Protein chains: 2
Amino acid sequence: MIKCIRCSHVHAITKSGIVRGKQRYYCKDCNIHFTLPGEAAVEVRQQKKHMATIVDIAKALNISKSTVSRALHEHSDINPQTRAAVLEMARQLDYQPNLLAKSLVKSKSNTIGIIVPEFLTYFFPTIIMGAQQVAEQAGYNVIICQSQESFKTEVANASVLLANRVDGVLISMTRETKNFEHFKAFERHGIPVVFFNRICDEMDTSKVLVNDYEGALKAVEHLIENGYRNIAHIGGPPALRITHNRLKGYRDALEKHGLPFKKELVVHCNLSKKDAIHCAEKLLNGKRRPDAVFCVNDPVAIQLMLAAKKMKIKIPSEMGIVGFSNDPISEVIEPALTTVQQPVADIGRSAMHILLDAIKEGDAYSPVLQSLETTLIIRGSSSRK
Amino acid sequence: MIKCIRCSHVHAITKSGIVRGKQRYYCKDCNIHFTLPGEAAVEVRQQKKHMATIVDIAKALNISKSTVSRALHEHSDINPQTRAAVLEMARQLDYQPNLLAKSLVKSKSNTIGIIVPEFLTYFFPTIIMGAQQVAEQAGYNVIICQSQESFKTEVANASVLLANRVDGVLISMTRETKNFEHFKAFERHGIPVVFFNRICDEMDTSKVLVNDYEGALKAVEHLIENGYRNIAHIGGPPALRITHNRLKGYRDALEKHGLPFKKELVVHCNLSKKDAIHCAEKLLNGKRRPDAVFCVNDPVAIQLMLAAKKMKIKIPSEMGIVGFSNDPISEVIEPALTTVQQPVADIGRSAMHILLDAIKEGDAYSPVLQSLETTLIIRGSSSRK
DNA sequence: ATGAAAGCGCTAACAT
DNA sequence: ATGTTAGCGCTTTCAT
C-alpha cells in the first residue's frame with residue numbers, strides 16, 4: 001500500500017494522474033500530491049518499463065555514476081575489478097545506454113539524414129544501401145526521408161532532421177524544388193550537406209553526380225551509328241540539372257554528326273509512370289514519328305517500349321530506344337534495353353564518404369564536386385547493325 | 001584577445017583543447033583552465049555553430065524559459081503578446097527545437113524503428129512506404145535498418161533502435177534468424193513490436209501477414225486447371241513461415257486434385273538471385289523436368305523464366321510458371337508472369353496502425369494477428385487454355 | 001582510481 | 001500569466 005510521504009498514512013490516498021511515466025498520488029489528509037521517490041517505483045500501468053540507467057548500476061554497486069560511465073567506456077583510469085563488476089551488473093540489469101542523453105551531452109547524434117524523392121524504383125534504394133554501408137562502418141545511423149517529389153514534404157523532412165540534430169545530410173531534391181531555404185538552414189547551423197544526383201547549384205556544398213552529359217552523348221552517338229536519323233528525346237523535369245545535362249549531350253551528339261535539332265522531338269516528363277506513358281504516346285502519335293528515342297531514365301524508356309509494342313512498332317528495326325541507369329527491368333524486357341549504366345551504389349558510398357569527411361573536418365572543410373563515369377550497355381533495343 | 005577570467009590579462013593565455021564545442025583556454029599565470037562564458041562565445045574552428053535554445057530566446061526577451069516553452073507550445077496560460085514576441089525572436093534567432101532533449105524528458109522519441117532484410121526489390125520499399133505514410137500522419141519519424149539477411153546485423157540493428165529509444169518497432173526477420181533474444185529485449189523494455197511478412201512464432205506480439213496458404217493454393221490449382229500435371233515448387237528458406245505456408249498450399253492443392261506430391265520436385269531457395277538461378281537450373285536439368293513451377297516469389301520466378309528461355313523451353317506451352325507478390329517486372333517480362341498479388345503497401349500501413357495502437361494503449365494492449373488476402377493475377381506465363 | 005558537481009536543452013509541477 | 005525548480009540520462013572537469 002502507498003504511504004503518504006508526509007503523514008505516512010495509507011488511507012486517504014488516491015491516484016492523481018501520471019507524471020513522467022510515474023504514478024502520482026494525492027493524500028486527502030495532507031492535501032498534497034506526490035510521486036514515490038526511489039527507483040522507478042510504481043508497478044502501475046505505465047507503458048515503458050523502467051530502463052536501467054548508469055545510476056541504477058551505481059546504486060547497486062555502491063559506487064558513483066562517474067565510475068560506472070568510465071567502466072562502460074574502457075576509460076584508462078579504472079580498476080579492472082570495478083570494471084568487471086560494472087559490466088556484470090549492467091548485464092544483470094539489462095542496461096541499455098540511452099543514446100539520446102549521450103547525444104544531448106555531446107551535441108552529436110551520430111546520425112545521418114538522407115532525403116530522397118522516392119524509393120520505389122531500384123535507383124534510390126541502391127544509393128541508400130551504398131551510403132548506409134559506409135555510414136554503418138563509421139558508426140553512424142541513418143534516418144531516411146522520402147519527399148515523395150513534394151516540395152512541402154521535403155521542407156518538413158529537413159526540419160525533422162534538423163530537430164533531430166543529425167550530424168550531416170545527404171540530399172537528392174524533388175523535381176519541384178526551387179527555393180532552398182530549408183537546405184540553407186543546415187548550413188547556418190554548421191551541419192554539412194552533400195547533394196547527389198539531383199543537386200542544388202545554388203548551394204556551395206559538396207556534390208556527387210555522374211557524367212550525365214557524357215553518358216547522353218555516348219547514347220545518342222550510338223543511335224546515330226546504328227543508322228537512326230530522326231532521334232527524339234524524352235527528358236526529365238526542367239528544374240533538374242540531370243535534365244539539362246542529358247539534353248545537352250543529346251543536342252551535341254546530333255550536332256556533332258550534322259543532324260538537325262528539332263524542338264518538337266523533345267518532350268519533358270515529370271518522371272511519374274503516368275506522365276511517362278503520356279509522353280510516350282505523344283511522341284509515337286506525333287505527325288512525324290521518330291525512328292529512335294533517347295530517354296532520360298529506364299523507367300521512362302520502359303513505358304515507351306511498352307507503348308511502342310502495343311502499337312506494333314518493331315524494336316529495334318523500326319525504332320531504337322536507349323535508357324539511362326540500367327534498371328534491373330532493362331535486362332529482362334524484350335528486346336533488352338540499351339542503357340547508360342551509372343555506378344549507383346558508388347554514388348551513395350561516395351556521397352557518404354564525402355559527408356563523413358566534412359563532418360570530421362568541420363569548418364576546415366571545403367566542398368568537393370565528384371563526377372562518376374558512366375558506361376553504355378548495348379542491348380537489343382538499339383542495335384540493328 | 002582573450003582575457004583571463006581571473007587576472008584579466010591577455011598574455012600567458014594558451015588554448016587547451018575544446019570542451020563541448022567551446023574553445024578552452026589556459027592562463028599560465030593563474031594556472032587555471034577556463035572557457036568563455038556567455039553565448040556560444042568563441043568563433044574558433046568549431047564544427048557546430050551554436051544553435052539557439054529556449055534560454056537564448058528567454059534571455060533576449062528577459063523572460064523565463066518556461067514562458068518561452070509555453071509560448072512555443074500554444075499553451076493556454078500565455079499572454080498573446082508574449083507569445084508573439086517569443087515567436088518573432090525564435091524566428092530571428094533561427095531557433096530549432098532540440099528533439100533529443102525533448103525526447104529525453106518525455107521518455108518518448110516519437111520515432112519508430114523498422115528492420116527489413118533488404119530493400120532492393122520492390123517489396124520491402126513498398127511496405128516501408130505504406131508504413132511511413134501512416135507514421136508521418138501520426139507525427140512519428142522512422143528509422144529504417146537493413147539487416148542484409150544477416151543475423152548479426154539484425155542484432156546490431158535491434159540494439160541501435162533500443163539505444164535510440166524508439167517508441168516501437170516493425171520487423172521482418174532475416175532468413176537465418178533462429179534466436180530471438182534481440183527481439184525479446186524490446187518486450188522487456190516495454191517497447192511494442194509488430195512483425196510482418198517474416199514473422200516470429202515464438203513471440204507473443206502482433207503480426208501482419210498475407211494469407212500465403214490460400215494464395216499458394218489458388219496458384220497451384222490454377223496450374224492444375226490449365227492442364228499442368230507435373231508441378232514443381234521452388235520454395236523459400238526453411239526457417240521462414242511463408243515458406244511453410246506456401247509449401248503447404250502447394251501440397252494441399254496437389255492432394256485436392258489427386259496429384260502425387262513428389263519430394264524431388266521441391267527445392268528450397270535462399271532468395272538471393274544467385275541461388276534462384278541455381279535452383280532454376282537444377283529443376284530444369286533434372287531427370288524428369290516439371291511441366292510447371294510455382295515459385296515462392298516473383299524474383300525467383302523471373303530467374304526461372306530467364307533460365308527456361310535460355311534453354312528454349314516454351315512458356316506457357318511447355319512449362320507454366322507462377323510467382324508470388326506481383327513485382328513490377330512480372331508485367332513487363334514476356335510472357336507476362338502469372339502471380340499471387342499481395343496488398344504490399346497495405347501490409348506496411350496495417351502493421352504501422354497496429355503498432356501505433358500498441359504504443360497508445362501501453363500495457364492494456366493485447367496482440368493482434370492480421371491476415372491480408374491475396375489475389376491471383378493470371379497472365380501469359382501459365383494460361384494455355 | 002573514484003566521487004562530486006555542472007550542464008546538455010527541454011518539460012512540467014509548483015509557487016507566485 | 002509568469003517564474004522557479006527539479007530532473008530526464010549522460011559525459012566530463014575538477015577535486016580528492
Side-chain angles (χ1 to χ4, degrees), chain A residues 16-22 24-26 31-35 37 39-40 48 50-59 61-73 75-83 85-86 95-109 163-165, chain B residues 16-22 24 26 31-35 37 40 48 50-59 61-73 75-83 85-86 95-109 163-165:
Chain A
S16 58
I18 292 195
V19 178
R20 293 197 188 154
K22 292 184 192 165
R24 185 163 165 250
Y25 298 97
Y26 176 62
N31 190 25
I32 59 164
H33 293 270
F34 60 94
T35 60
E39 31 73 273
K48 304 258 178 255
H50 176 73
M51 278 189 136
T53 70
I54 52 170
V55 174
D56 296 319
I57 301 179
K59 277 186 189 154
L61 257 34
N62 229 324
I63 56 178
S64 80
K65 62 177 177 174
S66 332
T67 305
V68 175
S69 175
R70 280 188 279 253
L72 257 17
H73 289 83
H75 192 93
S76 52
D77 279 358
I78 186 81
N79 184 322
Q81 286 167 29
T82 316
R83 189 170 132 70
V86 167
Y95 169 75
Q96 296 285 347
N98 185 329
L99 254 42
L100 294 174
K102 176 170 177 172
S103 300
L104 186 59
V105 169
K106 309 259 271 188
S107 297
K108 185 155 195 330
S109 62
N164 280 287
R165 295 298 188 270
Chain B
S16 58
I18 292 194
V19 178
R20 293 199 187 152
K22 291 184 193 168
R24 184 164 165 251
Y26 176 62
N31 191 25
I32 58 164
H33 295 270
F34 60 94
T35 60
K48 304 259 178 253
H50 175 73
M51 278 190 141
T53 70
I54 52 170
V55 174
D56 296 318
I57 300 179
K59 275 185 189 156
L61 258 33
N62 231 323
I63 57 178
S64 82
K65 62 176 178 174
S66 336
T67 306
V68 174
S69 176
R70 280 187 279 252
L72 257 18
H73 289 83
H75 192 93
S76 52
D77 279 357
I78 186 81
N79 184 322
Q81 286 166 27
T82 316
R83 188 170 134 70
V86 167
Y95 169 76
Q96 297 285 347
N98 186 329
L99 252 44
L100 296 174
K102 177 171 175 171
S103 301
L104 186 59
V105 168
K106 308 261 272 189
S107 296
K108 183 154 196 333
S109 62
N164 280 286
R165 297 296 189 269

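A, B, ... follow the sequence lines: proteins, then strands. Residue 1 opens every chain. From a predicted model like this one, the values you see are computed outputs, not experimental measurements.
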Check your understanding: Are OP1 or OP2 of dT2(D) and a side-chain N or O of Thr67(B) less than 4.0 angstrom apart?
Key -> no
Point to revise | Atom-pair distance (CG on Asp77(B); P on dA1(D)), nearest Å | key: 5 Å
Point to revise | Distance, rounded to the nearest Å, where Lys108(B) contributes NZ and dC10(C) contributes P | key: 19 Å
Review point. Does Thr82(B) make a side-chain donor-acceptor contact with the base of dA1(D), cut-off 3.5 Å?
Key: no
Check your understanding: With a 4.5 Å heavy-atom cut-off, do Gln96(A) and Arg165(B) have their side chains touching?
Key -> yes
Exercise for review: Starting at atom CG of Leu72(B), determine the distance to atom P of dA12(C), rounded to an integer number of angstrom.
Suggested key: 13 Å
Review point. Which part of the nucleic acid, if any, lies within reach of Leu100(A) when heavy atoms closer than 4.0 Å are counted: base, sugar-phosphate only, or nothing?
Key: nothing
Exercise for review: List the atom of Ala58(B), the atom of Ser64(B), and the distance in Å for their closest heavy-atom pair.
Suggested key: CB-C, 3.8 Å
Practice item. Would you classify Lys65(A) as touching base, sugar-phosphate or nothing, given that sugar-phosphate means primed atoms plus P, OP1 and OP2, and contacts are heavy atoms under 4.0 Å? Key: base
Check your understanding: Within this structure, what is the CZ-to-C1' distance between Arg70(B) and dT5(D), rounded to whole angstrom?
Key -> 12 Å
Study note, to complete from the structure: Tightest non-hydrogen contact, residues Arg70(B) and Ile78(B), listed as CB-CD1, 4.3 Å
Review point. In whole angstrom, what separates Ile78(A)'s CD1 from dG3(C)'s C1'?
Key: 11 Å
Practice item. Go through the N and O atoms of the side chain of Ser66(A) and the base of dT11(D), and report whether any donor-acceptor pair is under 3.5 Å. Key: no
Study note, to complete from the structure: To the nearest angstrom, the NZ-C1' distance between Lys59(A) and dG3(C) comes to 16 Å
Study note, to complete from the structure: note: Asp56(A), atom CG; dG9(D), atom P; distance rounded to Å ~ 8 Å
Practice item. Hey, which sits more toward the 5' end of DNA chain D by its nearest nucleotide, Pro80(B) or Val55(A)? Key: Pro80(B)
Exercise for review: Give Leu99(B) one of three labels, base, sugar-phosphate or nothing, depending on what nucleic acid heavy atoms sit under 4.0 Å from its own.
Suggested key: nothing
Check your understanding: How close or far is atom C1' of dA4(C) from atom CD1 of Ile54(A), stated in whole angstroms?
Key -> 13 Å
Exercise for review: Measure distances between side-chain N and O atoms of Arg165(B) and base N and O atoms of dG9(D), and say whether any donor-acceptor pair falls under 3.5 Å.
Suggested key: no
Check your understanding: If you pin Leu104(B) and Asn62(B) to their nearest nucleotides in DNA chain D, which one's is more 5'?
Key -> Asn62(B)
Practice item. Please determine which of Ile63(A), Leu61(A), Val68(A) meets the side-chain contact (heavy atoms from CB on, under 4.5 Å) test together with Thr82(A). Key: Ile63(A)
Review point. So which one's nearest nucleotide on DNA chain C is more toward 5', Ser64(A) or Asn98(B)?
Key: Ser64(A)
Check your understanding: Do Thr53(B) and Asn98(B) have side-chain heavy atoms sitting under 4.5 Å apart?
Key -> no
